[in-house]
Amino acid sequence: MSAERGSPVRADGEERLLTGWGRTAPTRARVESPTVPAEVAAILGRPPIRGAIARGLGRSYGDAAQNAGGTVISMRALSAPADLDPVTGRVRVGAGTSLGELIAAVLPQGWYPAVVPGTQYVTIGGAIASDVHGKNHHRDGSFCDHVHAIELAVPSGARLALTPDGPNADAFWATAGGMGLTGVTLSAELQLRPVASARMRVDTTRTRDLEESMGVLREADATAQYTVAWVDLLARGGALGRGVVTAGAHAGADEIAAVGDGVDVPPNRRIASVPGVPGRSGVLHPTAMRLFNELYFRRAPSDSHRGLEPIWGYFFPLDVIGDWNRLYGRAGMLQHQFVIPDAATARLIPMVERLVATGVPVYLAVLKRLRDGRGPIAFPLLGWTLALDIPAGAPGLAAALDRLDDEVADCGGRVYLAKDARLRPDLVATMYPRLPEWRAVRDRLDPGAVMRSDLDRRLSLVASPPRT
Amino acid sequence: MRDALGRVQSVLLVGGSSEIGLAILRRLPRADAAVVCLAGPDRPEMERVAEALRAEGVGRVEIVDFDACDLGDQTAVVDAAFTDEPDVVIVATGYLGDQATAEQDPAAAARIVDINFRGLVPVLMGSVQRLRAQGHGTLVVMSTVAGERPRVANYVYGAAKAGLDALTRGLTASLAGSGVTVVIVRPGFVRTRMTTHLKPAPFATTPDKVAEAVAAAIPRGSRIIWVPGVLRWVMLVLRHLPESLFRRLPG
Ligand SMILES: Cc1cc2nc3c(=O)[nH]c(=O)nc-3n(C[C@H](O)[C@H](O)[C@H](O)COP(=O)(O)OP(=O)(O)OC[C@H]3O[C@@H](n4cnc5c(N)ncnc54)[C@H](O)[C@@H]3O)c2cc1C
Ligand SMILES: NC(=O)c1ccc[n+]([C@@H]2O[C@H](COP(=O)([O-])OP(=O)(O)OC[C@H]3O[C@@H](n4cnc5c(N)ncnc54)[C@H](OP(=O)(O)O)[C@@H]3O)[C@@H](O)[C@H]2O)c1
């Protein structure tokens, strides 16, 4: 099955084994693929014994869009074509629409989503449920900071219209980042940003170590709209955390005049797709990844450099390789993402050094600055976030990440639920101190605890009624 | 729910005092507040085990009375044992019995079959039904190489285990695509209280070695494992030896 199509549409549902993007901990669920909102209400209304959860494109890394023994509602067919007001940039979209599809529809008219994550293969519903952040979080906040309204189906059969500042604001913000556990988002109205081109002006700076990566990133944040640092955690000794910091902005019409294309450019094509890879640990290997990182690092100019890049490639560099997660083999991978507050800045480097000293191989690491989030279980807070790609079969991984979690929790930070596959349940309440507030709103929206997921079972997010 | 690194939150051990079963339980990567349910006939012994497990950091231990000689439907046992949605179910109930006695006393022979097979059928079937419904989990069943080819020394036990093994293989096949996996464990001679009175056979091993092999097998999906691993090949040969030769083998 090709990655972008998601699950096949079948009205009567089918039993399927599902995992997240990390391909760990498969569980079986009945997958229903509603094609109209009324079918969503019907599914929730029959309440399946082990509950139901919505699923978009399955790009959350862990078990957020799985529901063992229960029902999973594949939202891909609920993708009403984007209804754009070309004057204001407000757009109404079905929750199953992917960001890529939305961009393809609105970019030619000079509009672009206000926030995008690192892949175009996420749905609007998934972007809301994780309240995803992009390279512009330090400046523009998360996805839901640019959502005018969410249409939410709750298990009672009601369809609620939620707005960020209206009478239902608490339900809106419990749904934003609520991991699908407040109900099923049917559609949303988004505010897009006007763009004059389909290109990005990108300043690239190479850094020597983690400290310099942090410094350059912080500086870039002061002036640039989009920033991110790729850092090399396989580099040894003093070079640990050397990196490439990129600072981007949408290129103006004047800048692209020389290049000659406007907003009307086709999306980037897949250049390759990864077939099933035999073996548990796949084809990636620390030595090969160290070499890859070396090449990536060397490719960046040693002096700061400015260039124009196509918008798709800038935001979604990994999307040109289909099913790249298969490279990690049957054992799968984790993406571990955490954030620590600015007050703990001095602890970041020692934390990373301790993690690396355990021998756990971090194949890919991305550093970013975030600002405070708004929802009760929003991930972002003003500080540093690091996302680490690690093979799930790495020896000693459990203990190493547990230790890191303790430090993160201790300094008031947290782990990103959209990517989590292994957090210790006892840390959730510390990392998400407003969890009780979220639960209260959630319980009001879904008193029978129909909305359930593996993530929820593993971390006991939905706590009230007796567990099933 | 089991996490991406295989850490379990809830385990059911049928044979709640079994040395091998407990070794497996202790080897499983475990979440902090994990729950363990012990099912077996000897409550005082299981209370002692529970205390030890709690001291080792298990969050909560439940005890369920289960006697494999009770040939009823065992629904109540399975219901009670599944209260905490186990991520792993270990079936380690077993009884070697005495072959000589079994040959003299048909009731004694039947008892061996009851405890090793007949009395486990409702628990196995009921567990699989529950696991299937929950859409995830691993079933570990203690079989033995003694079930692969009956020997004069313990063929009643071997026959019962062969039945258990065959039933479990059938269940494994029926569970394809269900989210539930099954690990069938065929150890050789394991040094436990079950075998203290016997002379160790070739390739004798320990509960901890069995546990290590099981823990390594669980993340890899349904499979049959031999402990030690070489027994797989030994048994392959033994299964095909002519009877006259097989009978004369030592041990
Ligand atoms: C390569 C890659 C890069 C990424 N980069 C980033 C990044 O930069 N920033 C970031 O924040 N995240 C990032 N992510 C994570 C990803 O954006 C989120 O996990 C997102 O939620 C995935 O959307 P999805 O449609 O695939 O949802 P799924 O993974 O299918 O589901 C995720 C959650 O959304 C819920 N959900 C889905 N649809 C609905 C609906 N209609 N109604 C209610 N709930 C719903 C599910 O129940 C589940 O809890 C990245 C992921 C990948 C694979
Ligand atoms: N030891 C070996 O060499 C060997 C080799 C291959 C396979 N095995 C198998 O491995 C499993 C574990 O054996 P072990 O070596 O750990 O021996 P063990 O410690 O004696 O364990 C056997 C378990 O079965 C239970 N049991 C006995 N009679 C029962 C009954 N009537 N109803 C319910 N439970 C009963 C015992 O409970 P009580 O203590 O309360 O009686 C005990 O928990 C068994 O299935 C065994 O057949 C063992």
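None of the values given here were measured: they were computed from a predicted structure. Order of the sequence lines fixes the chain letters, A, B, ..., with proteins taken first and strands second; residue numbering starts at 1 for each chain.
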For this session: Could you tell me which of A:Leu401, A:Leu334, A:Leu18, A:Asp402 has the largest number of non-hydrogen atom pairs under 4.5 Å with chain B?
Result: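 Heavy-atom pairs under 4.5 Å are most numerous for A:Asp402.
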
How far does [atom1] of [X] sit from [atom2] of [Y], to the nearest 0.5 angstrom?
{"X": "B:Gln9", "Y": "A:Ser460", "atom1": "CD", "atom2": "OG", "result": "6.5 Å"}
{"X": "B:His136", "Y": "A:Asp63", "atom1": "NE2", "atom2": "CG", "result": "10.5 Å"}
{"X": "B:Arg7", "Y": "A:Leu423", "atom1": "CZ", "atom2": "CG", "result": "8.5 Å"}
{"X": "B:Asp32", "Y": "A:Arg424", "atom1": "CG", "atom2": "CZ", "result": "5.0 Å"}

Exercise. If you count heavy-atom pairs under 4.5 Å with chain A, which of B:Gly137, B:Ala31, B:Gly177 comes out on top?
Worked result: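 Of the candidates given, the most pairs with chain A belong to B:Gly177.
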
Non-hydrogen atoms of chain B under 4.5 Å away: do they reach the side chain of [X], the backbone, both or neither?
{"X": "A:Asp426", "result": "side chain"}
{"X": "A:Asn67", "result": "neither"}
{"X": "A:Arg280", "result": "side chain"}
{"X": "A:Ala398", "result": "both"}

Problem set entry | Heavy-atom neighbours of B:Glu47 CD exceed 12 at 6.0 Å |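 Atom CD in B:Glu47 is crowded, with more than 12 foreign heavy atoms closer than 6.0 Å.
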
For this session: Measure distances from B:Ala33 to the heavy atoms of chain A and classify the residue's part below 4.5 Å as side chain, backbone, both or neither.
Result: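 B:Ala33 has no heavy atom closer than 4.5 Å to chain A.
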
Problem set entry | Charged N-O contact under 4.0 Å between B:Asp3 and A:Arg458 |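 No, B:Asp3 and A:Arg458 are not salt-bridged.
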
Problem set entry | Short N-O contact, A:Glu15 and B:Arg132, less than 4.0 angstrom |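 No, this pair does not count.
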
Exercise. Can A:Thr27 and B:Arg2 be said to form a side chain to side chain contact (heavy atoms under 4.5 Å, CB included), step by step?
Worked result: CA-CA 10 Å; A:Thr27 61; B:Arg2 190 162 18 194; over 6 Å; no

For this session: Ignoring hydrogens and angles, tell me if any N or O in the side chain of A:Arg28 forms a donor-acceptor pair with the backbone of B:Ser178 under 3.5 Å.
Result: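 Flag set: sc A:Arg28 to bb B:Ser178 pair under 3.5 Å.
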
For this session: Taking all non-hydrogen atoms of both residues into account, name the closest pair between B:Ala4 and A:Ala25 and its distance.
Result: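 Heavy atoms only, the tightest pair is CA-CB, 4.4 Å.
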
